[in-house]
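Inspection log for the structure reproduced underneath, given as structure tokens.
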Number of protein chains: 2
Amino acid sequence: MARAATTADAFNAVAEPRRRQILDVLVGGERPVNDLVAQLGLAQPLVSKHLRVLREVGLVDVRDEGRQRVYRLNAHPLKPIHDWLQNYERSWAQRFDRLDVVLQELEDQEKGDDGGDE
Amino acid sequence: MARAATTADAFNAVAEPRRRQILDVLVGGERPVNDLVAQLGLAQPLVSKHLRVLREVGLVDVRDEGRQRVYRLNAHPLKPIHDWLQNYERSWAQRFDRLDVVLQELEDQEKGDDGGDE
DNA sequence: CCATTATATGTCCATATCGGAATATATCAA
DNA sequence: TTGATATATTCCGATATGGACATATAATGG
């Protein structure tokens with residue numbers, strides 16, 4: 001077996017930076033392919049292929065609008081990623097027990113502070 | 001160019017399910033490799049290889065403890081993923097404006113319901 | 001019908017994957 | 001030293017990628 005298909009998962013689909021860029025544009029509202037091509041400065045076939053992957057994972061929907069195809073974001077499949085991350089949120093918010101970090105922490109607290117930990 | 005290396009990113013590293021499983025175990029505290037092998041039921045070399053990837057991305061730290069190597073979670077590299085997702089959180093929380101979805105929504109509410117969305 | 005615009009698909013290549021099997025390395029024990 | 005235990009690395013094969021380029025499909029306007 002090789003690496004899981006990019007279409008296997010939102011995890012896999014979103015691992016590709018261009019694909020993330022595409023979604024980032026689509027958060028601003030639906031767009032026809034050429035808009036994406038222009039905004040991202042990528043070759044049109046590339047964009048189409050990335051859109052295919054996103055579509056297969058359900059991250060975008062398409063609508064035919066005359067000779068254009070308008071793509072629209074559907075963020076739902078991202079939720080599992082978010083959910084998975086929840087377990088770890090505390091881990092990067094919380095201080096580590098490595099000595100240097102702990103010292104930093106103490107220093108910060110001594111300094112008066114204006115916010116507890118978030 | 002082929003697909004980005006798994007070690008390129010936390011995004012890429014975490015796209016692999018087993019790697020996520022490993023991290024999921026490590027949230028519970030540091031573990032030597034064999035513990036992971038046992039808990040995950042994977043071949044030892046496989047686990048070692050996945051751990052290498054996680055190490056290269058900085059998601060785990062290692063400590064030598066006698067003849068064992070104890071791995072410890074470092075969730076920091078996951079933060080970029082979380083940050084990226086923030087833009088989309090509203091998108092799956094909010095209701096969509098597609099007619100069918102809206103109707104569904106109304107229906108569900110009328111029905112009293114015993115399960116929201118998953 | 002033909003040309004043009006908008007998008008999708010197919011072919012090719014270099015690259016890197018995950019997993020399995022075998023083996024290397026390292027530490028401890030007798 | 002020899003052996004056992006714990007972990008890492010190497011070699012292999014099947015697979016699929018992203019990108020470049022060429023081409024197919026589809027809709028629109030003469």
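So you know, we letter chains A, B, ... as the sequences are listed, proteins then strands, and number each from 1.
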Task: side chain to side chain contact (heavy atoms under 4.5 Å, CB included) assessment of A/L36 paired with A/L26 - done: CA-CA 9 Å; A/L36 296 169; A/L26 290 180; 4.1 Å; yes
TODO: Find which nucleotide of DNA chain D each of A/A2 and B/V70 is nearest to by heavy atoms, and output the residue with the more 5' nucleotide.
DONE: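 Nearest-nucleotide comparison on DNA chain D picks B/V70.
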TODO: Could you check A/D64 against A/R3 and say which one's nearest nucleotide on DNA chain D is further toward the 5' end?
DONE: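 Result of the comparison: A/R3.
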- [ ] Check whether any side-chain nitrogen or oxygen of B/Y71 sits under 4.0 Å from OP1 or OP2 of D/dA6, and answer yes or no.
- [x]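 For D/dA6, neither OP1 nor OP2 has a side-chain N or O of B/Y71 closer than 4.0 Å.
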TODO: Would you classify B/S48 as touching base, sugar-phosphate or nothing, given that sugar-phosphate means primed atoms plus P, OP1 and OP2, and contacts are heavy atoms under 4.0 Å?
DONE: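 Touches a base.
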Task: Distance-only donor-acceptor check, side chains B/D24 and A/Y88, under 3.5 Å - done: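 Yes, because at least one side-chain N or O of B/D24 sits under 3.5 Å from a partner of the opposite role on A/Y88.
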Open item on the list: Whether the side chain of B/Q44 and the base of D/dA6 hold a donor-acceptor pair under 3.5 Å is what I'd like checked.
Closed with: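 In this structure, the two groups form no donor-acceptor pair.
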What heavy-atom pair brings [X] and [Y] nearest, and what distance separates the two atoms?
X	Y	value
B/V37	B/Q44	CG2-CA, 3.7 Å
A/L40	A/Q21	CD2-OE1, 3.8 Å
B/N87	A/V27	O-CG1, 4.1 Å
B/V60	B/L51	CG2-O, 4.0 Å

Task: Any residue meeting side-chain contact (heavy atoms from CB on, under 4.5 Å) with A/L46, in chain and number order, not counting sequence neighbours - done: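 Partners of A/L46 by the side-chain contact (heavy atoms from CB on, under 4.5 Å) criterion, ordered by chain and then number, come out as A/A43, A/H50.
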Sort me out a list of protein N/O and nucleotides 1-6 of chain C N/O pairs below 3.5 Å, or just none if empty.
none

Open item on the list: Tell me whether A/V62 shares a hydrophobic cluster with A/V70, the cluster being built from Ile, Leu, Val, Met, Phe, Trp, Tyr side chains joined at under 4.5 Å.
Closed with: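 No.
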Task: Nearest-Å distance for atom pair CG/C1', residues B/L46 and C/dT17 - done: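 Between C1' of C/dT17 and CG of B/L46: 12 Å.
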Task: Whole-Å gap separating P (C/dT17) and CG (B/D9) - done: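 Computing the B/D9:CG to C/dT17:P distance gives 13 Å.
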TODO: Would you jot down, in residue-number order, the residues of residues 12-30 of chain A having a non-hydrogen atom under 4.0 Å from DNA chain D?
DONE: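 Contacts with DNA chain D under 4.0 Å: A/E16, A/R18, A/R19.
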- [ ] Kindly state which residues belonging to residues 49-57 of chain A come within less than 4.0 angstrom of DNA chain D, counting heavy atoms of the residue only, listed by number.
- [x]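 By residue number: A/K49, A/H50.
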Open item on the list: With side chain to side chain contact (heavy atoms under 4.5 Å, CB included) as the criterion, how do A/R69 and A/D64 come out once you've worked through the C-alpha distance, each side chain's angles and the decisive distance to 0.1 Å?
Closed with: CA-CA 5 Å; A/R69 311 202 90 201; A/D64 273 40; 3.1 Å; yes
Contacts table for residues 6-17 of chain A: side-chain donor-acceptor under 3.5 angstrom, sequence neighbours left out:
residue	atom	partner	partner atom	Å
A/D9	OD2	B/R20	NH2	3.3
A/N12	ND2	B/A15	O	3.4

TODO: Could you note down all residue pairs passing side chain to side chain donor-acceptor pair (under 3.5 Å) where residues 51-60 of chain A supplies at least one of them, sequence neighbours left out?
DONE: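 Those involving residues 51-60 of chain A are A/R52-A/E56, A/R55-A/Y71.
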Task: Per B/P45 side chain, nearest of listed nucleotides D/dT17, D/dA20, D/dT9 - done: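 The listed nucleotide nearest to B/P45's side chain is D/dT9.
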